Asker: 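Before we start, here is the structure in question, set down as structure tokens.
In this text, all values refer to a predicted model and were calculated from it rather than measured experimentally. Throughout, a chain's letter reflects where its sequence line sits, starting with A, and its residues are numbered from 1.
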Amino acid sequence: MAPVTPENDPLYRLRHSMAHVMAQAVLEIFPEAKIAIGPPVENGFYYDFDLPRPLTPDDLKDIEKRMRRILKGKHTFAYREVSAAEARDLFKDQPYKLELIEGLAQGQDEYGEKAASASTVISTYKHDTFEDLCKGPHVESLADIAPDGFKLLRVSGAYWRGDESRPMLQRIYGTAWPSKAELEHYLWQLEEAKKRDHRRLGKELELFMFSQAVGSGMALWLPKGAVLRDTLERFLREVQIDNGYLPVVTPHLGKIDLYKTSGHWYTYRDSIFPAVKEVENDDPENPEGEIYLLKPMNCPHHIEIYKNEPRSYRDLPLRYAEFGTVYRYEQSGELTGLLRVRSFTVDDAHLFVTPEQLEDEFIKVVELILYVFRTMGFADFKARVGLRDQGDTKYIGDDAIWDISQNAIINAAEKVGLPYVVAEGEAAFYGPKLDFIFRDVLGREWQLGTVQVDYNLPERFELEYTGEDGQKHRPVMIHRAPFGSLERFIGTLIEHHAGAFPTWLAPVQAVVIPITDRHVEYAQQVAKQLKAAGMRVEVDDSNSRMNAKIRTAQKQKVPYMLVIGDKEQEAEAVAVRLRSGEDLGALPVSEFQARLQDDINNHR
RNA sequence: GCUCCCGUAGCUCAGUCGGUAGAGUAUCUCCUUGGUAAGGAGAAGGUCACGGGUUCAAGUCCCGUCGGGAGCUCCA
């Protein structure tokens, strides 16, 4: 998430000032508290504290109360610049501030990053009794802040300076708005967002589940979710076949040496599931024996397929596609519904191309991904070019190759006219990538589709093809996955549509609702006819009234409800109700079938 | 993995000061056969996540484990 700045956030001053007021309130309650940093963030602010005990929700109420009292004082904010020595004296009891001051004195910003301008001014803002190391800006006066326009939302842990090895502080998050009405609107939005949460809808719509007995982070797909998933897979398979992809199928395991060759073993050892089989082995050259790992990615398997026979430039590009299930031992605290799991299926493909083909192929891949997103009705995503962080040593391959790859990606994005942001440190360890990012209902960002250029694995696996000149050449690989993972993609799809999937994806496309028992037989006939045409139709023959059946179908977000009474039975028709509540009246069954087929054909 | 919060019927939740559990809904049975978002009655459903501990007595208090949530860290 891009940092909030005074330039891009009109409420920056308000929220930044609220952070100061909160820090004052906390210090009044806990005079021994050590304060860290407290910036504005999207929709609010936070402040990090080192406190003598964990905070409870009741503490938040007390802090809020005290904040209101401080606001009533209508204090003004006073700015002053201080020397490093003065600052050290002023904050002599605040170790975190002292660390910040040392950083500032060395030309860093408050996050310890190198500041944009070389000469860092050390400044403070003071209101009432509270003076904080701060570059501002703030509101003129606390009189400008509505005392009922804010709320403290939660307290959670946060490492000092985001570093796992540093102390864990308590972070209090708050939201602040110019008025009570705007605050309430925001809180209402949060509630609405929760109703779209894929975890909740996944349960309500019977799409997927998790089982303690199976294990964390491993989704079990229920029949309705599996139908949705299968529909997506079939769609993408067809698109891929039309675009020259070749299906392959590979096992879920691979020998450890495969991942040593690829480099995954050294870089991602911690997140690879422990060995599943160790074969006894007396070979002193290879004391580890045969260790099999659950595959954390599909590329090495596809590479082996490439190596199965000598390749000619005439064979390229070669595009191997597989819905490949991979396993990654994510930290327990990272698991989140379908969005972060330990077992997931990548709609993977690896393209082996000549260097000359790279840019064209890359563009075609981006266009395919955009087509998939458009078909899904996804508009709320952004593209991010992930480059390596020059300071980090996890990346393999030499600089020249990275430069070529990075340029190829940026050129392609620009040729396609795809707006993108550049993010350093977001590359894969073997190459730069173009990611498609979406935000979930609670504002968290998740990577969906991805395209990666890779000169390194071909090198490591010594891939070759014979060129027009009869010489051996090294191919370039493109790794790509439009959905990214079926799990995460479906999670986002659920939230995007709030569970009301377009008809072609809906697990149940129509429910036939007989009004009385004597209509059940005809209802079943209708359903049989539609099912024979490949449509997903159910009959609600439960012992309840039509109104209740409609309510049930409505809550399940079924696109079409087909009501059948005497009139419809007589006319060989169905009375069509949409989940929007719209009543289309009676249609001949054949006419309804044509309409549903049209929806399916057009991905609506 | 770390900090904090949470775990009671399939689901959503109540359960006071510690005295061996309750609602709505879903399920099942019966009645009802109805025209666009809940017809009625009855029944069944719980090792209060799990394991220890304190106590005459634990859903309730304490410790641990597992699971979930928020955030941090991480993310091929």
Side-chain angles (χ1 to χ4, degrees), chain A residues 46 48 51 53-57 59 153-173 194 197 199-200 203-204 206 209-213 215-217 259 262-264 267-268 270-272 295-300 326 328-337 339-341 344 346 348 386 394 426-431 433 442 444 446-447 450 452 454 457 479 481 484-485 488 513-520 542-555 561-568 575-579 581-586:
Chain A
Y46 68 79
D48 287 345
L51 297 173
R53 64 167 175 83
L55 294 173
T56 66
D59 290 322
L153 295 178
R154 58 178 166 267
V155 50
S156 58
Y159 299 108
W160 167 236
R161 297 211 141 167
D163 184 341
E164 244 179 320
S165 66
R166 309 294 305 266
M168 170 80 64
L169 307 175
Q170 296 193 62
R171 175 172 296 178
I172 304 176
Y173 281 94
K194 279 189 194 161
D197 190 313
R199 291 166 293 191
R200 176 197 184 100
K203 200 177 274 185
E204 283 173 12
E206 297 173 352
M209 61 173 277
F210 291 90
S211 153
Q212 244 177 277
S216 299
Y259 303 104
S262 70
H264 289 98
T267 313
Y268 293 106
D270 289 344
S271 55
I272 292 177
K295 66 178 173 184
M297 85 307 300
N298 300 303
C299 13
V326 298
R328 298 179 187 173
Y329 194 80
E330 306 288 0
Q331 297 188 106
S332 59
E334 261 310 323
L335 303 174
T336 298
L339 299 181
R340 190 79 180 268
V341 287
F344 58 94
V346 183
D348 221 344
K394 75 173 178 180
E426 293 293 339
F429 77 93
Y430 48 74
K433 55 185 190 167
L442 297 173
R444 296 170 295 201
W446 300 92
Q447 180 189 315
T450 180
Q452 301 159 10
D454 179 8
L457 292 181
H479 307 237
S485 94
R488 184 176 289 179
I513 298 178
I515 292 179
T516 78
D517 288 350
R518 66 178 179 278
H519 306 116
V520 168
S542 65
N543 180 18
S544 42
R545 299 181 53 191
M546 177 201 64
N547 291 302
K549 293 178 183 179
I550 287 176
R551 182 179 147 86
T552 303
Q554 198 75 42
K555 287 207 305 183
M561 285 154 261
L562 311 178
V563 177
I564 284 174
D566 289 336
K567 286 181 286 185
E568 289 75 19
V576 180
R577 178 196 159 99
L578 308 182
R579 67 187 156 194
E582 193 184 345
D583 187 351
L584 298 188

Asker: Phe210(A) near the nucleic acid: base, sugar-phosphate alone, or nothing, with a heavy-atom cut-off under 4.0 Å?
Answerer: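 Nothing, no nucleic acid heavy atom in range.
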Asker: Counting only side-chain N and O atoms of Arg166(A), is one of them less than 4.0 Å from OP1 or OP2 of U3(B)?
Answerer: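 Checking Arg166(A) against U3(B): no side-chain N or O falls below 4.0 Å of OP1 or OP2.
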Asker: How long is the line joining CE of Met168(A) and C1' of U3(B), in whole Å?
Answerer: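 Between C1' of U3(B) and CE of Met168(A): 4 Å.
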Asker: For Pro54(A), answer base if it contacts any base atom (sugar-phosphate contacts may also be present), sugar-phosphate if it contacts only those atoms, and nothing otherwise; contact means non-hydrogen atoms under 4.0 Å.
Answerer: sugar-phosphate
Asker: Expressed as a whole number of angstroms, how long is the span from Glu204(A):CD to U25(B):C1'?
Answerer: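 Atom CD in Glu204(A) sits about 12 Å away from atom C1' in U25(B).
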Asker: Protein within reach of the bases, or only the backbone? For nucleotides 30-36 of chain B, mark each nucleotide 5' to 3' as B, S or -, using heavy atoms under 4.0 Å.
Answerer: -BBBBBB
Asker: Check the distance between C72(B)'s C1' and Ile172(A)'s CD1 and give it to me in whole angstrom.
Answerer: 15 Å
Asker: Can you tell me how the ring of Tyr259(A) sits relative to the ring of His264(A), calling it parallel under 30°, perpendicular over 60° and tilted otherwise?
Answerer: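 Taking His264(A) first and then Tyr259(A), their aromatic rings stand perpendicular (interplane angle over 60°).
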Asker: Hey, which of Val563(A), Leu562(A), Val520(A) is the one that makes side-chain contact (heavy atoms from CB on, under 4.5 Å) with Pro514(A)?
Answerer: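 Only match with Pro514(A) under side-chain contact (heavy atoms from CB on, under 4.5 Å): Val520(A).
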Asker: Rounding to an integer number of angstrom, what distance separates U27(B) and G69(B) when you compare their P atoms?
Answerer: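 Roughly 27 Å separates the two P atoms.
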Asker: Measure the distance from CG on Asp48(A) to C1' on C72(B) and round it to the nearest whole Å.
Answerer: 9 Å
Asker: Distance check needed: A37(B) C1' versus Ile513(A) CD1, whole Å only.
Answerer: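 Distance, rounded to whole Å: 10 Å.
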Asker: May I ask you to decide whether Asp48(A) forms a salt bridge with Arg171(A), counting only side-chain N to carboxylate O separations under 4.0 Å?
Answerer: yes
Asker: Could you list, one pair per line, each protein nitrogen or oxygen that sits under 3.5 Å from a nitrogen or oxygen of nucleotides 6-17 of chain B, together with the distance?
Answerer:
none

Asker: Sequence neighbours left out, what passes salt bridge (charged side-chain N to carboxylate O under 4.0 Å, His left out) with Arg340(A)? Give chain and number order.
Answerer: Glu330(A), Glu334(A)
Asker: With a non-hydrogen cut-off below 4.0 angstrom, is Ser216(A) in contact with a base, only sugar-phosphate, or nothing?
Answerer: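 Answer is sugar-phosphate: Ser216(A) comes under 4.0 Å of backbone atoms only.
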Asker: Taking any heavy-atom pair under 4.0 Å as a contact, classify Phe429(A): base, sugar-phosphate, or nothing.
Answerer: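 Counting heavy atoms under 4.0 Å across all strands, no contact is made by Phe429(A).
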Asker: Of all the nucleotides listed (C72(B), A37(B), A70(B)), which has the minimum atom distance to the side chain of Arg444(A)?
Answerer: A70(B)
Asker: Tell me the partner of A41(B), counting only Watson-Crick (N1-N3 plus N6-O4 or O6-N4) or G-U wobble (N1-O2 and O6-N3) with both under 3.5 Å; none if nothing fits.
Answerer: U29(B)
Asker: Less than 4.0 Å between a side-chain N and a carboxylate O, is that true for Arg161(A) and Asp163(A)?
Answerer: no
Asker: Quick one: is Ser156(A) getting a side-chain N or O under 4.0 Å of the C72(B) phosphate, OP1 or OP2?
Answerer: no
Asker: I want to verify a distance call: between G71(B), G1(B), G69(B), whose nearest atom is closest to the Arg199(A) side chain?
Answerer: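 Between G71(B), G1(B), G69(B), the one nearest the side chain of Arg199(A) would be G69(B).
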Asker: Answer with base, sugar-phosphate or nothing: what part of the nucleic acid does Leu335(A) contact at a heavy-atom distance below 4.0 Å?
Answerer: sugar-phosphate
Asker: Taking CZ from Arg161(A) and C1' from C72(B), how many angstroms apart are they, rounded to a whole number?
Answerer: 16 Å
